Amino acid sequence: IFGYGSLVWRPGFEFTSRKVGFIRGYSRRFWQGDTFHRGSEKMPGRVVTLLEDCGACTWGVAYEVRGEQIAASLEYLNMREAVLGGYDTKLVKFHPQEKDAEEPILALVYIATPQNPSYLGPASEEDIAAQIIVSSGCAGHNIEYLLRLADFMRYFCPQAEDKHLFSIEEALISILPCLYYTEESLEET
């Protein structure tokens with residue numbers, strides 16, 4: 001099972017092993033709306049999905065599941081990703097990060113398509129950051145989702161580029177001091 005969003009730090013299912021690596025042919029994008037985990041019906045959060053992009057690669061974590069773990073993980077993920085998230089499944093070739101890694105491994109990945117009702121599509125990095133700042137759901141604030149994903153990329157995949165992710169993080173950081181200043185100014189008056 002290949003995770004490229006919150007699955008990289010919170011899989012929520014038992015697994016036998018995990019490996020950092022990448023899949024080819026996809027770009028990670030904050031184009032999926034979330035009205036449960038990182039947002040609400042009134043204020044949908046923004047979470048990632050994959051966009052077909054033949055020259056790109058997306059870094060994440062592949063989880064090996066065996067025996068009873070398979071049915072339990074698929075049941076859990078189908079509820080978390082498909083029913084609540086609007087994602088479909090695909091098989092992809094996962095390339096482990098290790099230099100002495102074997103051939104690519106087939107992995108299951110969840111991808112939200114434009115056909116699902118929660119799909120938000122493209123927006124500017126500033127608009128995505130502004131939406132993330134005001135969104136929160138049962139799994140926590142949308143800011144946490146963005147920052148944890150950016151931290152994962154920095155610490156586990158420092159050689160990889162993800163301009164979309166880091167541009168949104170930069171836009172969010174540039175907005176946050178303004179919000180902090182405004183709230184303090186309001187308290188003083």
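Note that this is a predicted model, so its numbers are computed, not measured.
Ring-plane geometry between F30 and Y145 is classed as perpendicular, the angle between the planes exceeding 60 degrees on a 0 to 90 degree scale with a lower cut at 30. Under the 30°/60° scheme for interplanar angles, the aromatic rings of W31 and Y119 are found to stand perpendicular.
The shortest side-chain heavy-atom distance between F15 and I1 does not fall under the 4.5 Å cut-off. At least one side-chain heavy atom of R28 sits less than 4.5 Å from a side-chain heavy atom of D162. Under the 4.5 Å side-chain criterion, counting only non-hydrogen atoms from C-beta, Q159 is in contact with W59.
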Please test K90 against L50 for side chain to side chain contact (heavy atoms under 4.5 Å, CB included), starting from the C-alpha separation and ending with a verdict.
-> CA-CA 11 Å; K90 269 190 149 178; L50 295 177; over 6 Å; no
Evaluate the side chain to side chain contact (heavy atoms under 4.5 Å, CB included) criterion for residues I111 and Y26: first the C-alpha distance (whole Å), next the side-chain angles of each, then the deciding distance (0.1 Å), finally the verdict.
-> CA-CA 10 Å; I111 300 174; Y26 293 94; 3.8 Å; yes
Should F152 and V61 be marked as a side chain to side chain contact (heavy atoms under 4.5 Å, CB included) after you check the CA-CA gap, both sets of side-chain angles, and the distance that decides it?
-> CA-CA 10 Å; F152 166 79; V61 176; 3.6 Å; yes
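Here the CD1 atom belonging to I132 is positioned 6.5 Å from the CG atom belonging to L172, to the nearest 0.5 angstrom.
Not less than 6.0 angstrom separates the ring centroid of Y110 from the ring centroid of Y87.
The residues E144 and R38 are annotated as salt-bridged, a charged nitrogen and a carboxylate oxygen being separated by less than 4.0 angstrom. The existence of a salt bridge linking D151 and R148 is excluded, since no basic side-chain nitrogen approaches an acidic carboxylate oxygen closer than 4.0 Å.
Formation of a donor-acceptor pair under 3.5 Å by the S174 side chain with backbone atoms of A171 is found in this model.
F13 CZ: more than 12 foreign heavy atoms inside a 6.0 Å radius.
Side-chain contact, E64 with S17: a donor N or O sits under 3.5 Å from an acceptor N or O.
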